[in-house]
J.: 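If you scroll down you'll find the structure; I have some questions about it.
Note that ligands are numbered from 1 as they come in the structure, with each ligand's atoms numbered from 1 the same way. Side chains are part of it too, since the values below use all heavy atoms of this structure and drop only hydrogens, waters and symmetry mates. Treat the numbers as computed from the prediction; the structure is a model and nothing was measured.
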Amino acid sequence: MEIVIGKDAGDVAARAALRLEELCKRPGAGRFSLALAGGSTPKRLYELLAEPPFRDGISWDAVEIFFGDERSVPPEHPDSNYGMAHRALLSKVPVAAHRMVAESGEADAYERLVRERVAEKRDGIPAFDLILLGMGKDGHTASLFPGTAALQETGRLVVMNDVPQMQTRRMTFTYPLINAAKRVWVLVPGADKREKVAECVSALKKPGERPYPVTGVRPAHGELVWWLDEASAADVGPA
Ligand code: 6PG
């Protein structure tokens, strides 16, 4: 597990944009499968990617965008992760993107799409080049919320998950798909997540400790990077 600590949320977004561009431009990179996170944190990163130098530095024709989770709303709804990403990035660069049609409830269809489009497999599971995630204050990630059924899923890669604490259903990647990725970046700046970040980072140093859904994100063969800022990292102990 690598921890990158930026000065603030803006600096985290800038550092992540730079590393993402480097990943896309490395020799022999070929096609780059990228799953976007929702929520508010990644918005600045997406906006940066849509501006120079990243807009022109990344070969968007080699990038294929997916979503790690989605709310059960149409794209024009203010809660739509696709809508946020479309306004910030997808409407500004020529990139292929696959919206998660969560309102249809057809998780199997999205799983089939992922299996078809993400060429590289690890143990038969599509291995994304990069999956972006955030973390809620309750320690959820994607739409893997505490106490919900999707946490126990070991076979399917994409499911509809009932989230009673939010009176909603969401579509989400499951651990088997997330943990097959070559890289997973968890973006968690902000003082409001300081305590949870410290608990999670501590738990991630121990194999069996999974107190929150985000601590179940442990790529079997890939890299795990937590992107923090000084405020959210304030209680994180020494490496
Ligand atoms: C979602 C996200 C979710 C998000 C966290 C953090 O659909 O809500 O995928 O997992 O990353 O809720 O959200 P913020 O970035 O808004 O704090």
Side-chain angles (χ1 to χ4, degrees), residues 6 8-13 16-17 34-49 65-90 97-103 105 107 110 114 128 130-151 153 157-175 177-179 181 184-197 199-200 212-217 224-229 231-233:
D8 53 28
D11 186 39
V12 169
L34 169 62
L36 299 184
S40 57
T41 298
K43 183 169 177 283
R44 186 59 194 135
L45 169 58
Y46 302 161
E47 289 170 343
L48 282 176
L49 293 173
I65 284 180
F66 300 77
F67 286 79
D69 75 313
E70 185 57 278
R71 293 86 180 272
S72 297
V73 294
E76 60 275 8
H77 190 284
D79 289 349
S80 168
N81 288 336
Y82 177 86
M84 180 275 280
H86 187 264
R87 287 187 296 276
L89 174 63
L90 304 181
H98 304 286
R99 182 171 87 90
M100 234 185 201
V101 189
E103 64 271 30
Y110 204 82
V114 166
F128 274 88
L130 175 60
I131 295 178
L132 299 177
L133 295 173
M135 184 194 78
K137 291 179 196 162
D138 60 357
H140 81 262
T141 193
S143 284
L144 300 171
F145 284 81
T148 60
L151 296 175
E153 183 60 49
L157 306 182
V158 183
V159 297
M160 289 306 296
N161 192 30
D162 288 317
V163 187
Q165 57 264 53
M166 297 181 75
Q167 295 90 40
T168 187
R169 285 186 94 203
R170 294 195 175 182
M171 192 179 289
T172 185
F173 282 9
T174 59
Y175 286 130
L177 182 53
I178 294 170
N179 287 329
V184 180
W185 293 357
V186 185
L187 303 166
V188 198
D192 59 335
K193 299 187 182 161
R194 166 179 177 171
E195 282 180 34
K196 196 68 84 199
V197 162
E199 286 183 76
C200 290
Y212 304 106
V214 73
T215 54
V217 173
L224 176 62
V225 184
W226 275 57
W227 295 79
L228 309 177
D229 65 2
S232 65

J.: Heavy atoms, side chains only, cut-off 4.5 Å: are Val101 and Tyr82 in contact?
T.: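 A side-chain contact under 4.5 Å is absent here.
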J.: Would you say Asp79's side chain and Ser72's backbone share a donor-acceptor pair under 3.5 angstrom?
T.: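 Looks like no, no N/O pair under 3.5 Å.
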J.: Check the orientation of Phe173 and Tyr110. Use parallel for under 30°, tilted for 30 to 60°, and perpendicular for over 60°.
T.: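 Ring orientation, 0 to 90° scale: tilted.
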J.: For each nitrogen or oxygen atom of ligand 1, which protein N/O atoms lie closer than 3.5 Å, and how far apart are they, rounded to 0.1 Å?
T.:
{"from": "ligand 1", "atom 1": "7 (O)", "to": "Asp69", "atom 2": "OD2", "distance (Å)": "2.7"}
{"from": "ligand 1", "atom 1": "7 (O)", "to": "Arg71", "atom 2": "NE", "distance (Å)": "3.0"}
{"from": "ligand 1", "atom 1": "7 (O)", "to": "Asn81", "atom 2": "ND2", "distance (Å)": "2.9"}
{"from": "ligand 1", "atom 1": "7 (O)", "to": "Arg170", "atom 2": "NH1", "distance (Å)": "3.3"}
{"from": "ligand 1", "atom 1": "8 (O)", "to": "Arg71", "atom 2": "NH2", "distance (Å)": "2.7"}
{"from": "ligand 1", "atom 1": "8 (O)", "to": "Arg170", "atom 2": "NH1", "distance (Å)": "3.3"}
{"from": "ligand 1", "atom 1": "9 (O)", "to": "Gly38", "atom 2": "N", "distance (Å)": "3.4"}
{"from": "ligand 1", "atom 1": "9 (O)", "to": "Asp69", "atom 2": "OD1", "distance (Å)": "2.6"}
{"from": "ligand 1", "atom 1": "9 (O)", "to": "Asp69", "atom 2": "OD2", "distance (Å)": "3.1"}
{"from": "ligand 1", "atom 1": "10 (O)", "to": "His140", "atom 2": "NE2", "distance (Å)": "3.4"}
{"from": "ligand 1", "atom 1": "10 (O)", "to": "Ala142", "atom 2": "N", "distance (Å)": "3.1"}
{"from": "ligand 1", "atom 1": "10 (O)", "to": "Ala142", "atom 2": "O", "distance (Å)": "2.7"}
{"from": "ligand 1", "atom 1": "12 (O)", "to": "His140", "atom 2": "NE2", "distance (Å)": "2.7"}
{"from": "ligand 1", "atom 1": "15 (O)", "to": "Ser40", "atom 2": "N", "distance (Å)": "3.3"}
{"from": "ligand 1", "atom 1": "15 (O)", "to": "Thr41", "atom 2": "N", "distance (Å)": "2.9"}
{"from": "ligand 1", "atom 1": "15 (O)", "to": "Thr41", "atom 2": "OG1", "distance (Å)": "2.6"}
{"from": "ligand 1", "atom 1": "16 (O)", "to": "Ser40", "atom 2": "N", "distance (Å)": "2.8"}
{"from": "ligand 1", "atom 1": "16 (O)", "to": "Ser40", "atom 2": "OG", "distance (Å)": "2.7"}
{"from": "ligand 1", "atom 1": "17 (O)", "to": "Lys193", "atom 2": "NZ", "distance (Å)": "2.6"}

J.: Would you say Thr172's side chain and Ala142's backbone share a donor-acceptor pair under 3.5 angstrom?
T.: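 Side chain of Thr172 to backbone of Ala142: no pair is present.
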J.: For Gly190, does its backbone N or O pair with a side-chain atom of Asp229 as donor and acceptor, under 3.5 Å?
T.: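 Yes, the answer is positive, given that a donor and an acceptor are paired below the 3.5 Å cut-off.
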J.: Looking at residues at least two apart in the chain, or sitting in another chain, which of them share a ring-ring contact (aromatic ring centres under 6.0 Å, His included) with Trp227?
T.: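 Listed in chain order: Trp185.
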